[in-house]
Structure formats: structure tokens, C-alpha cells
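Everything numeric in this text was worked out from a predicted model, so none of it was measured.
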Amino acid sequence: MRRRSLLLAAVPAGLVTLAGCGDNSSSSSKASASPSASASVPPPKIVDGPLPAITAGTKFDEKPTVAKGTGDPSKNLAVKTVIAGSGKTVAENDFIQANYLGQIWSTAKVFDQSYDRTPLLMQLAAGSIIDGWRYGLAGKKVGSRVLMAVPPTWGYGSSGNSQAGIKGTDTLVFVVDILNSFNSKSSSTGKVVAQSDPALPKVGTNTDGKAPSIDIPKVDPPKTLVSNYVLEGDGAEVQSTQTVLCQFKGEVWDSGKVFEQTYESGRLAQFSVQQMQQVVKGLAQGITGKKVGSRIVVVTPPDLAYGNNPPSGGVVKKGSTLVFTVDILAAM
């Protein structure tokens, strides 16, 4: 089983709220639990040291070795850009994909790292991640390596984290390699794939973060699941055990009405593929096996959608076939 990052809240991010569909609504999931750090603390003063040296693994995205801290750490948040990237600037509330290593200042004991697993995908938002990351990484660019020393106030507070062997007095040292970032204006940017079947919806190929059009033909919908590329990315294929970060829009085949979307809502959707199996099975199956960085169109017949039990009060009716366009931004 893939080990969960100690940085994240103990409860996984919630599902996209597809069960609460309404006419032209725009909603998505948000991280649903508080971190183990203090729920409300003042912003830190950010200083440039002291910080221990990185003694090995000094290249970007290479697993680092970090020396033990010497002397007393700062009571402020110490942050240094060790390698300056040239990508997008990360802002608070953005999602980032990063590799990281965390250790205790006084002992150099590594309590968590992702380099031997998969990169972490998380939101730089209150309640989603420890505050030291939220404040220390905002303003940094994708492609950067950042070294931080996080005092307890902006880490795990006076209670520490017994699971990781962190005491309430421990300052934590992190090396973070920022691989990518995403926000509500993000789109897939893959290669355009021809949409030549007149019996299937045609989806727009714009990559400006705005909702792509869905042109549904005036014919009977397919009776089996359809999942095709609109823009084909070059990332790894999504596995059924992963969590995905995406933009999406859903329409009803018969009426063409939008029942839910994230585009232009100021939010992204994050959900577990396995959990989505319990909500809209066809969407989960349609995403599985598709490449990260792609836009896909998924046509879900009633038996793989809501069947005869649609959400009450919405535009999805009994026996509705649903059409989704999904920008698969990242997977973890």
C-alpha cells in the first residue's frame, strides 16, 4: 500500500459533489480536514536562516541528504531558494506537485520523504497542509528547490506528531522540489486528437482555462461507455488506485444542460478514482488508463451513471446519459 504523506490531513480529500447536481452549478471538492498543526496562527516572519546544508543529492528532484542543524534554530520561518526555477509562480491556494524530504533540526532524523514513492499532490491552503509550507512556498516558481526550517508554531504545534516521532518543541527542516502547480485557470495542453465520429459529442480544444464547448449530436446516445482523447497528454496513465486533480464539465445528452462544472468556478476537483466508482462509475472507468495532461470526453450510459436514481431537483433525470469533458491535470 502506498504510504500517505505525514504533511497531509488525516482524512482524505472529499469527492467531487456530483451527487448534489443542480442546473449549471459549479462545484468541486476541497480538502476536508484540518492539519495537525494549529488551526489558526498568525503569519510568520520569513527570514533567510539559519539553515543546515544539503550535503548530497544537490540536483533538482534528486533525493537530498541534509546535515543536522547547528545551534538554535530561528523562531521565525527560515526559507531559502537553493535552486531557482523558471516556471509558473506558485500562489496560496494553488495545488502543487512536489517531491520533498523532512527531518528534525536537532537530530537530522528523516521522518518523511516522497523521493522513493510518488510526488505529493496537495493544496497550499489553510487546513490542507502545515502552515510552514503554505507561507514558505507561496511566491516560488515551478522548477525551484526550496529549503525551509519550520518552527512548531507553523508545523505541528505544541502537540507535535507522535506518529512521526516529532515533539512539540521540534523545528522541522524540509527540502521541497516544486515539480508543477495548478489553479482554476489550468487546462490540459496535450496534442489535438481528431474527433471524426458524427455520432459522438465534439469537445472544444481551447487551453485557456475556460470551459470547452460540448457539441452533442441530435442522435440517440451510445449504449456503452465511450472514453476518447480530445487532447492527448504525455504523462503516465491514471491508475484505479490513484487520486486525480482535474477540471471537468458534465452535460445531459438529451437536453445539453450543464449539471456541474469546475471551469471558471475558481476551484479544481480532486477525487479518488475508487471513490468515484461509488458515485458515477462510468466517469471513474473513463478516466482510468488515460494519460495525465489529457483532455478526454466520456459518455456515460445510465447504468454507469445515476440510472433510475438521479439527484433530486436537478437537470439529470431517470435514464439520463451523461457527457463529461475532463482535463486530467495530475494524479497521485
Sequence neighbours left out, what passes side chain to side chain contact (heavy atoms under 4.5 Å, CB included) with Thr65? Give chain and number order.
-> Thr55, Ala56

For Asn308 and Gly319, which heavy atoms make the closest approach, and how far apart are they?
-> OD1-N, 4.1 Å

Tell me whether the guanidinium CZ or amine NZ of Lys210 lies under 6.0 angstrom from the six-membered ring centre of Tyr263 and within 45° of its axis.
-> no

Cation-pi geometry met for Lys318 and Tyr306 (6.0 Å, 45°) | no

Is Lys218 paired with Asp254 through a side-chain N to carboxylate O contact shorter than 4.0 Å?
-> no

Only one of Val299, Asp215, Thr325 forms a side-chain contact (heavy atoms from CB on, under 4.5 Å) with Pro201, so which one is it?
-> Val299

Indicate yes or no: does Lys63 engage Asp116 in a salt bridge with an N to O separation below 4.0 Å.
-> yes

Report the residue from Asn228, Val230, Ile287 that forms a side-chain contact (heavy atoms from CB on, under 4.5 Å) with Ile296.
-> Ile287

Report the C-alpha distance between Phe271 and Phe248 in whole Å, list the side-chain angles of each, state the deciding distance to 0.1 Å, and finish with yes or no for ring-ring contact (aromatic ring centres under 6.0 Å, His included).
-> CA-CA 12 Å; Phe271 58 84; Phe248 79 97; 7.4 Å; no

Are Arg134 and Glu92 ion-paired here, with the side-chain N under 4.0 Å from a carboxylate O?
-> yes

Minimum heavy-atom separation for Val292 to Leu329, with atom names?
-> CG1-O, 3.5 Å

Considering all heavy atoms of both residues, which atom of Ser188 and which atom of Ser294 are nearest to each other, and what is their separation?
-> OG-O, 2.7 Å

